[in-house]
Peer 1: 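Below is a structure I'd like to ask you about.
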Amino acid sequence: MKKTTEVDVVVIGGGGAGLAAAYEAAQLGRQVILIEKNPQTGGSTSWSVGSVTATNTPHQRKAGIKDSADAHFEDLALHAGPLAPRDNLALRRILVDNTSEMLDWLMSLGVVFVGPEPEPPHRVPRMHNVVPNSKSFAYHLTRHCLRLGVDIRTNTQAGRFIVEGDAVKGIEARLPDGEMHRFIARNGVVLASGDYSGAPDLKAELASPEVVPVDPVNPTATGDGHRMALPLGATVINGDIVRGPIMRFIPPAGGNLIQKLPPIRPIAKLIAWSMGHLPQFILRPFLMSFLTTALGPSPDIYKGGGVLINKNGKRFTDELDKPNFDVAKQPDRLAYIFFDSEVAKKFSAWPYFISTAPGVAYAYLDDYRRNRADIFHRADTLEGLAVSMGVPAENLKSSIAEYNRGARGSRPALEHGPFYALGPVKSYVVFTDGGLKVNESLQVLRKDGGVIDGLYAAGSAGQGGLLLEGHGHHLGWAFISGRIAGRNAASAAAKRKTAQKVAHIMEKQA
C-alpha cells in the first residue's frame with residue numbers, strides 16, 4: 001500500500017511557472033506541495049538569459065516611454081510573422097494585460113531589473129533584464145514560497161495522475177529513496193513541468209526528426225507533464241514550433257563571474273545602479289563576461305569568411321545555408337569557427353561583432369581572447385592551430401586548401417596567418433513551443449474541448465497555442481500563467497461546491 005499525503009494543491013515543476021503557482025495558492029491560505037525532480041528549484045527559468053518583456057513599467061515611465069497593452073498585443077503579431085494566424089489570441093490577451101502587474105509583483109519579491117531595452121519590431125523598448133542573473137527568479141520565489149509554508153519536495157519525480165471518474169485527484173511520484181508515494185489534491189493539480197526540448201521521442205513525434213539529435217539548453221526538460229496528460233485525452237498545440245537549433249559556444253567549466261554572483265537584492269541593486277552611473281570602460285569587463293558566455297556567434301562571421309570545422313579537422317557544411325542543423329550531426333556534436341588574420345581584423349571593431357545583447361553591448365574578437373581563453377585559439381601556422389584545437393593537422397590543412405580552391409562566392413580565401421579558431425560551438429534547442437490545450441482559466445482541455453476536471457497547466461506545459469516570439473515572452477508567460485493557474489486551482493473546490501449547489505437548486509425548481 002502506497003503512502004498518501006493529502007493537501008489542497010499539488011504543483012508539478014519548480015521553475016518560474018510552478019513557483020508562481022505555488023506562491024499564489026499558498027497566499028490564498030491553501031496547503032501546497034510542489035514536486036521538483038531536480039535537486040533544486042529553477043527549471044528552465046534559471047537556464048534563461050533572464051529577459052522579461054513588459055509594458056507600463058516603472059522603468060518605462062522613468063525613461064519617458066508611453067506604452068500600452070494594446071500596442072504590445074499588436075506588436076506580438078509582428079514578432080510572430082507568418083505564424084501569426086496560428087496564435088491563440090485569447091491567451092495573447094491574457095499575457096499582455098498582465099505584464100505590468102507581473103513585473104511589479106516580481107520586484108515586490110526582491111527581483112531587480114534594468115532596462116528597458118529596444119527589440120524591434122516592438123515599437124518602444126519593453127525588454128527588462130534581471131540582475132545579476134536569471135537565478136534571481138527562483139531564489140526569491142523559493143524563499144517566499146517557503147515563508148508561506150509551501151512544502152517543496154526536490155529530487156521527487158512525478159509519475160502518473162490519480163484519476164477518479166473523469167477528474168484528476170492527485171499524482172503518484174517517486175521519492176528520493178525510490179519509494180512511490182501518492183499526493184492527493186483536494187482542490188487541484190497544476191502542471192508546470194516545462195517543455196520537451198530534451199525529449200528525442202517527443203521532438204520526433206511533435207516537431208521534426210531534424211531536431212532529434214540537437215541537445216537542449218536544459219537537459220532535464222524532458223516533457224514529463226506532456227506524457228502524463230496525453231493519456232487523459234489532452235492534446236498538444238503548435239508542437240512543431242521549435243526555437244532552434246541555434247549555435248552557442250560551450251559554457252566555461254566553472255561558469256563566469258556574472259553567473260557566480262549570489263542573486264541577493266543588495267548585489268542586484270548595486271549592479272543596477274552601476275549600469276546607470278558608471279562609465280562603460282568600468283562596466284565593459286562585466287558585460288563581456290556575460291556576452292561571451294551566454295550568447296552565440298553572429299551569422300555575420302560566416303558571411304565575413306569564417307568556416308566551420310569539426311573535431312576531425314574537416315569542413316562539413318555550407319555556412320551560409322543551415323549550418324546549425326549540420327553541427328548537431330558532427331562527432332560529439334561540436335564544431336569550431338575557423339578564420340584567418342584578415343577576418344580577425346575585420347571582427348575587431350564595429351560594425352563587425354561576434355556576439356551582442358541588443359541595446360546592451362557588443363563583443364569583438366579581443367573580448368573573447370580576454371574572457372574565453374578556453375575557446376580562443378591562435379597560431380602562426382595551420383599546424384599550430386590544429387594542435388590548439390585538438391584536431392588532425394593534415395585534415396585541417398586539406399579542408400582549408402579545398403575551401404580556398406572552391407566556389408566561395410564573395411567570401412575571401414583564408415590564407416593569411418596568424419590563424420584563429422573559436423570554439424567548440426554546439427547547436428542547441430532552446431525551447432519547444434508545443435503546449436497542452438488550455439482554456440482561459442488554464443484548465444487543461446481534451447482534444448474535443450472538454451475540461452479535464454482538477455488539472456491546470458502553466459508555462460511551457462500550458463502554452464496552449466500561444467506564440468511567444470521575441471525575447472522575454474516565455475518568462476513572462478511562465479509567471480503570469482503560473483499565478484493564474486495557482487489561484488484557480490486554489491479556488492477550484494469552492495467553485496465546484498457552488499456549481500453543485502446551483503445545479504441542485506435548479507433541479508428542485510424544475
Peer 1: Within the side chain of Ser398, is there an N or O that forms a donor-acceptor pair under 3.5 Å with the backbone of Asn395?
Peer 2: yes
Peer 1: Go through the side-chain N and O atoms of Glu119 and His471 and say whether any donor and acceptor fall under 3.5 Å apart.
Peer 2: yes
Peer 1: Cationic tip of Arg483 within the cone over Tyr23's six-membered ring, i.e. under 6.0 Å and within 45° of the normal?
Peer 2: no
Peer 1: To check you understand the geometry: which heavy-atom pair defines the closest contact between Tyr420 and Ala344, and what is its length?
Peer 2: CE1-CB, 3.5 Å
Peer 1: May I ask you to decide whether Asp75 forms a salt bridge with Arg126, counting only side-chain N to carboxylate O separations under 4.0 Å?
Peer 2: yes
Peer 1: What's the separation between atom CZ in Phe316 and atom CD in Gln330, rounded to the nearest 0.5 Å?
Peer 2: 4.5 Å
Peer 1: Does any N or O in the side chain of Asp87 come within less than 3.5 Å of the main-chain N or O of Leu467, such that one atom is a donor and the other an acceptor?
Peer 2: yes
Peer 1: Thr222 and Lys37: side-chain donor and acceptor closer than 3.5 Å?
Peer 2: yes
Peer 1: Is the closest basic N to carboxylate O distance between Arg248 and Asp215 below 4.0 Å?
Peer 2: no
Peer 1: Under a 4.5 Å cut-off applied to non-hydrogen side-chain atoms, are His416 and Lys345 in contact?
Peer 2: no
Peer 1: Just checking, Arg378 and Phe419: is the charged tip under 6.0 Å from the six-membered ring centre and within 45° of the axis?
Peer 2: no
Peer 1: Heavy-atom count check: over 12 atoms from other residues, nucleotides or ligands less than 6.0 Å from Glu383 CD?
Peer 2: yes
Peer 1: So do the side chains of Leu95 and Leu76 get within less than 4.5 Å of each other, counting heavy atoms only?
Peer 2: yes
Peer 1: Do Gln157 and Asp224 have a side chain donor and acceptor closer than 3.5 Å?
Peer 2: yes
Peer 1: Are any of the side-chain nitrogens in Arg123 or Glu74 under 4.0 Å away from the carboxylate oxygens of its partner?
Peer 2: yes
Peer 1: Return the minimal non-hydrogen interatomic distance between Ala457 and Gly462, and the atom names on each side.
Peer 2: CB-CA, 3.6 Å
Peer 1: Quick one, Thr142 with Thr41, criterion side-chain hydrogen bond (donor to acceptor under 3.5 Å, both in side chains). Give me CA distance, side-chain angles, the key distance, then yes/no.
Peer 2: CA-CA 7 Å; Thr142 300; Thr41 58; 2.8 Å; yes
Peer 1: Can the ring centroids of Phe353 and Tyr364 be said to lie less than 6.0 angstrom from one another?
Peer 2: no
Peer 1: Does a side chain donor of either Asn38 or Thr220 reach within less than 3.5 Å of an acceptor in the other side chain?
Peer 2: yes
Peer 1: Does either side chain, that of Asn404 or that of Glu415, offer a donor lying less than 3.5 Å from an acceptor on the other one?
Peer 2: no
Peer 1: Ignoring hydrogens and angles, tell me if any N or O in the side chain of Asn324 forms a donor-acceptor pair with the backbone of Pro245 under 3.5 Å.
Peer 2: yes
Peer 1: Within the distance-only criterion (no hydrogens, no angle test), does the side chain of His72 pair as donor or acceptor with the backbone N or O of Val96 below 3.5 angstrom?
Peer 2: no
Peer 1: Has Thr57 got a side-chain atom pairing as donor or acceptor with Gln60's backbone, closer than 3.5 angstrom?
Peer 2: yes
Peer 1: For the backbone of Ala458 and the side chain of Ser481, can you confirm whether one donor and one acceptor N or O come within less than 3.5 Å of each other?
Peer 2: no
Peer 1: Could you walk me through whether Leu83 and Ile241 pass side chain to side chain contact (heavy atoms under 4.5 Å, CB included), step by step?
Peer 2: CA-CA 9 Å; Leu83 291 174; Ile241 300 177; 4.0 Å; yes
Peer 1: Can you confirm whether the side chains of His122 and His79 place a donor and an acceptor under 3.5 Å from each other?
Peer 2: yes
Peer 1: I want to check something: taking the side chain as every heavy atom from C-beta on, are Thr45 and Leu475 in contact at a cut-off of under 4.5 Å?
Peer 2: yes
Peer 1: For Phe73, I'd like to know if atom CZ has over 12 heavy atoms of other residues, nucleotides or ligands within 6.0 Å.
Peer 2: yes
Peer 1: Between Phe479 and Phe137, is the gap from one ring center to the other below 6.0 Å?
Peer 2: yes
Peer 1: Any salt bridge linking Lys346 with Asp300? Criterion: basic side-chain nitrogen under 4.0 Å from a carboxylate oxygen.
Peer 2: no
Peer 1: Would you say that His59 contacts Pro125 through its side chain, given a criterion of any heavy-atom pair below 4.5 Å between the two side chains?
Peer 2: no
Peer 1: Just do the side chain to side chain contact (heavy atoms under 4.5 Å, CB included) check on Thr55 and Val124 with the steps written out, would you?
Peer 2: CA-CA 9 Å; Thr55 62; Val124 296; over 6 Å; no
Peer 1: Testing the 3.5 Å rule here: is there a donor-acceptor pair between the side chains of His474 and Asp433?
Peer 2: yes
Peer 1: For the aromatic rings, using the six-membered ring if either is Trp, is the centroid distance between Phe376 and Tyr368 under 6.0 Å?
Peer 2: no
Peer 1: For His128 and Ser51, test the side chains for any donor-to-acceptor distance below 3.5 angstrom and give the result as yes or no.
Peer 2: no
Peer 1: For the residue pair Asp326 / Thr317, report whether a side-chain donor-acceptor contact shorter than 3.5 Å exists.
Peer 2: yes
Peer 1: Apply the test side chain to side chain contact (heavy atoms under 4.5 Å, CB included) to residues Leu422 and Ile354: give CA-CA distance (whole Å), side-chain angles for both, the deciding distance (0.1 Å), then the verdict.
Peer 2: CA-CA 10 Å; Leu422 292 175; Ile354 291 175; 3.7 Å; yes
Peer 1: Over all heavy atoms of both residues, which pair between Ser193 and Ala461 is shortest? Give the atoms and the distance, please.
Peer 2: OG-CB, 3.9 Å
Peer 1: Just by distance, with hydrogens left out, do Ser197 and Thr432 show a side-chain donor and acceptor under 3.5 Å apart?
Peer 2: no
Peer 1: So which heavy atom on Leu308 is nearest to which on Ile337, and how close?
Peer 2: CD2-CG1, 3.9 Å
Peer 1: Can any side-chain N or O of Ser108 pair as donor or acceptor with the backbone N or O of Trp105 at less than 3.5 Å?
Peer 2: yes
Peer 1: Within the distance-only criterion (no hydrogens, no angle test), does the side chain of Asp318 pair as donor or acceptor with the backbone N or O of Leu320 below 3.5 angstrom?
Peer 2: yes
Peer 1: So, does Trp47 use its side chain to make a donor-acceptor pair with the main chain of Asn218 at under 3.5 Å?
Peer 2: no
Peer 1: Which atoms form the tightest heavy-atom contact between Ala335 and Val327, and what is the distance?
Peer 2: CB-CG2, 4.2 Å
Peer 1: Any donor-acceptor pair under 3.5 Å linking the side chain of Thr381 with the backbone of Gly384?
Peer 2: yes
Peer 1: Might you work through the side chain to side chain contact (heavy atoms under 4.5 Å, CB included) test for Leu466 and His473, ending with a clear yes or no?
Peer 2: CA-CA 10 Å; Leu466 174 63; His473 292 121; over 6 Å; no
Peer 1: Please tell me if the side chains of Leu468 and Gln463 come closer than 4.5 Å, counting only heavy atoms from C-beta onward.
Peer 2: yes
